[in-house]
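Have a look at the structure below, then the notes.
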Amino acid sequence: MAQQKATNITWHEAIVTVEDRERLLNQKGCVIWFTGLSGSGKSTLANAVEQLLHQQNHHTYVLDGDNVRHGLNKNLGFSPEDREENIRRIGEVAKLFADAGTIVMTAFISPYRTDRDQARELIAEGRFVEVFVDCPLDVCEERDTKGLYKKARAGEIKEFTGISAPYESPLDPEVTVNTAELSLEESAQAVIASLVKTGLVPADN
């Protein structure tokens, strides 16, 4: 965990509470954390879920791994330490979105269980939904639209998850979808069903 370096700072409570925001939005602020190998379909699935929720008049946002590395985390690489800091920052940003009453989706490989667990600890109980986008490595390699696996196999990319760096699968995720067996629509509906079942979004809109 990152150390607190700033001193003489005080946490300021908001006058408008998270409950106030949630009543206005008719939803509960939460974090849907998509995790899986590169090419498993995390970003595609997160955007499909967002589209369905948007059609149901829900306020949403997707934090995509590549997009965040273009800005907020542009100074981070892919060493274990940088990966940890990458996920720590995303967890803190996701917490702010959830506090605003937004349904925020994060699409990051986030290969280490410890880092995902620390992100979960930031969020109120019942407001963190871990979605394991389960897809066999060979299928991910077949998709490989960016050509990353080929470069990793050739040694051109160091510390590539699933090839030269580990991926620790979730032990008890709220949702597991196998994108090699399910269609995109089926996968998205499985996530939506979980949100309805836990009361994060209403069953009828």
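Numbers for residues simply follow the sequence, beginning at 1. The figures here come from the full heavy-atom set of this structure, side chains too, leaving out hydrogens, waters and symmetry mates.
Residues V93 and I123 are members of one and the same hydrophobic cluster, defined by side-chain heavy-atom contacts under 4.5 angstrom among Ile, Leu, Val, Met, Phe, Trp and Tyr. Cluster membership for V62 and V177, using ILVMFWY side-chain heavy atoms within less than 4.5 angstrom, is shared. Taken together through direct or relayed side-chain contacts under 4.5 Å among Ile, Leu, Val, Met, Phe, Trp and Tyr, L148 and V133 form parts of separate hydrophobic clusters. The hydrophobic cluster containing V31 does not contain F132, counting ILVMFWY residues as joined when their side-chain heavy atoms lie under 4.5 angstrom apart, directly or transitively. Note on L182 and V196: same hydrophobic cluster, where clusters join Ile, Leu, Val, Met, Phe, Trp and Tyr whose side-chain heavy atoms are under 4.5 Å apart, directly or indirectly.
Although no hydrogens or angles enter the test, the distance criterion places a donor-acceptor pair under 3.5 Å between the side chain of S110 and the main chain of F108. In terms of modelled atom types and a separation under 3.5 Å, the side chain of D144 and the main chain of G147 share a donor-acceptor contact. Distance alone, capped at 3.5 Å, is enough to place a donor-acceptor pair between the R143 side chain and the G39 backbone. Panel note: side chain E174, backbone S194; no donor-acceptor pair is recorded below 3.5 Å. A distance-only check finds no donor-acceptor pair linking the side chain of Q27 to the backbone of L200 [under 3.5 Å].
In E125, the CD atom is not crowded: 12 or fewer heavy atoms of neighbouring residues, nucleotides or ligands sit closer than 6.0 Å. More than 12 heavy-atom neighbours from other residues, nucleotides or ligands sit within 6.0 angstrom of CG on N75.
By the 4.5 Å heavy-atom criterion applied to side chains, I109 and K42 are counted as neighbours. With contacts defined as side-chain heavy-atom distances shorter than 4.5 Å, the pair I103/Y61 does not qualify. Side chains of C30 and V104 form no contact here, defined as non-hydrogen atoms less than 4.5 Å apart. The closest side-chain heavy-atom distance from P202 to H58 is below 4.5 Å. The shortest distance between side-chain heavy atoms of H70 and K74 does not fall below 4.5 Å. S164 is not listed as a side-chain neighbour of K158, based on a closest heavy-atom distance of 4.5 Å or more. Side-chain contact between E141 and L137 is present, with heavy atoms from C-beta onward closer than 4.5 Å. Looking only at side-chain heavy atoms (C-beta outward), R88 and D115 stay at 4.5 Å or farther from each other.
Residue I32 holds its CD1 atom at 10.5 Å from CZ of F128, rounded to the nearest 0.5 Å. Annotation: the span from K28 atom NZ to E19 atom CD amounts to 10.0 Å, rounded to 0.5 Å. Distance check, rounded to the nearest 0.5 Å: CD1 of I90 to CZ of R116 gives 15.0 Å. Separating the CD atom in E50 from the CD atom in Q55 is a distance of 11.0 Å, to the nearest 0.5 Å. D134 CG to T176 OG1: the interatomic distance, rounded to the nearest 0.5 Å, is 6.5 Å.
Minimum heavy-atom separation, N178 to P136: OD1-CD, 4.2 Å. P170 and T35 get closest at one heavy-atom pair: CG-CG2, 3.7 Å. Closest of all the heavy-atom pairs between C140 and L37 is SG-CB, 4.0 Å. Taking both residues in full, the closest heavy atoms of S187 and T179 are given as OG-CG2, 4.2 Å, listed atom of the first, atom of the second, then distance. Nearest heavy atom pair, residue P166 against residue T161, reads O-CG2, 3.6 Å. The two residues T102 and H59 have their closest heavy-atom pair at OG1-ND1, 3.1 Å.
The aromatic rings of F160 and Y149 sit perpendicular to each other, their planes meeting at more than 60°, with 30° as the lower class boundary.
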Set out, in order, the CA-CA distance, both residues' side-chain angles and the distance that settles side-chain contact (heavy atoms from CB on, under 4.5 Å) for L45 and F34, then state yes or no.
CA-CA 8 Å; L45 179 54; F34 294 85; 3.7 Å; yes

Does Y167 form a ring-ring contact (aromatic ring centres under 6.0 Å, His included) with Y112? I'd like the steps, not just the answer.
CA-CA 6 Å; Y167 176 77; Y112 305 124; 9.0 Å; no

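Salt-bridge formation is not detected for the pair K150/E156: no Lys NZ or Arg NE/NH1/NH2 atom is positioned less than 4.0 Å from an Asp or Glu carboxylate oxygen. Under a 4.0 Å N-O distance rule, the pair R127/E22 qualifies as a salt bridge. Ion pair D99/R21 flagged as a salt bridge, since at least one NZ, NE, NH1 or NH2 atom sits closer than 4.0 Å to an Asp/Glu carboxylate oxygen. Electrostatic pairing of E85 and R89 counts as a salt bridge here, judged by a charged N lying under 4.0 Å from a carboxylate O.
Counted by atom type alone, T114 and D117 present zero donor-acceptor pairs between their side chains at under 3.5 Å. Checked by atom type, the side-chain pair H54/T60 shows no donor-acceptor distance below 3.5 Å. Judged by distance alone, the side chains of D64 and S43 do bring a donor and an acceptor atom under 3.5 Å apart.
In this structure, R69 satisfies the cation-pi test against F78, with its NZ or CZ atom closer than 6.0 Å to the six-membered ring centre and inside 45 degrees of the ring normal.
Tested against L195, the residues L52, L53, V175 include a single side-chain contact (heavy atoms from CB on, under 4.5 Å) partner, L53.
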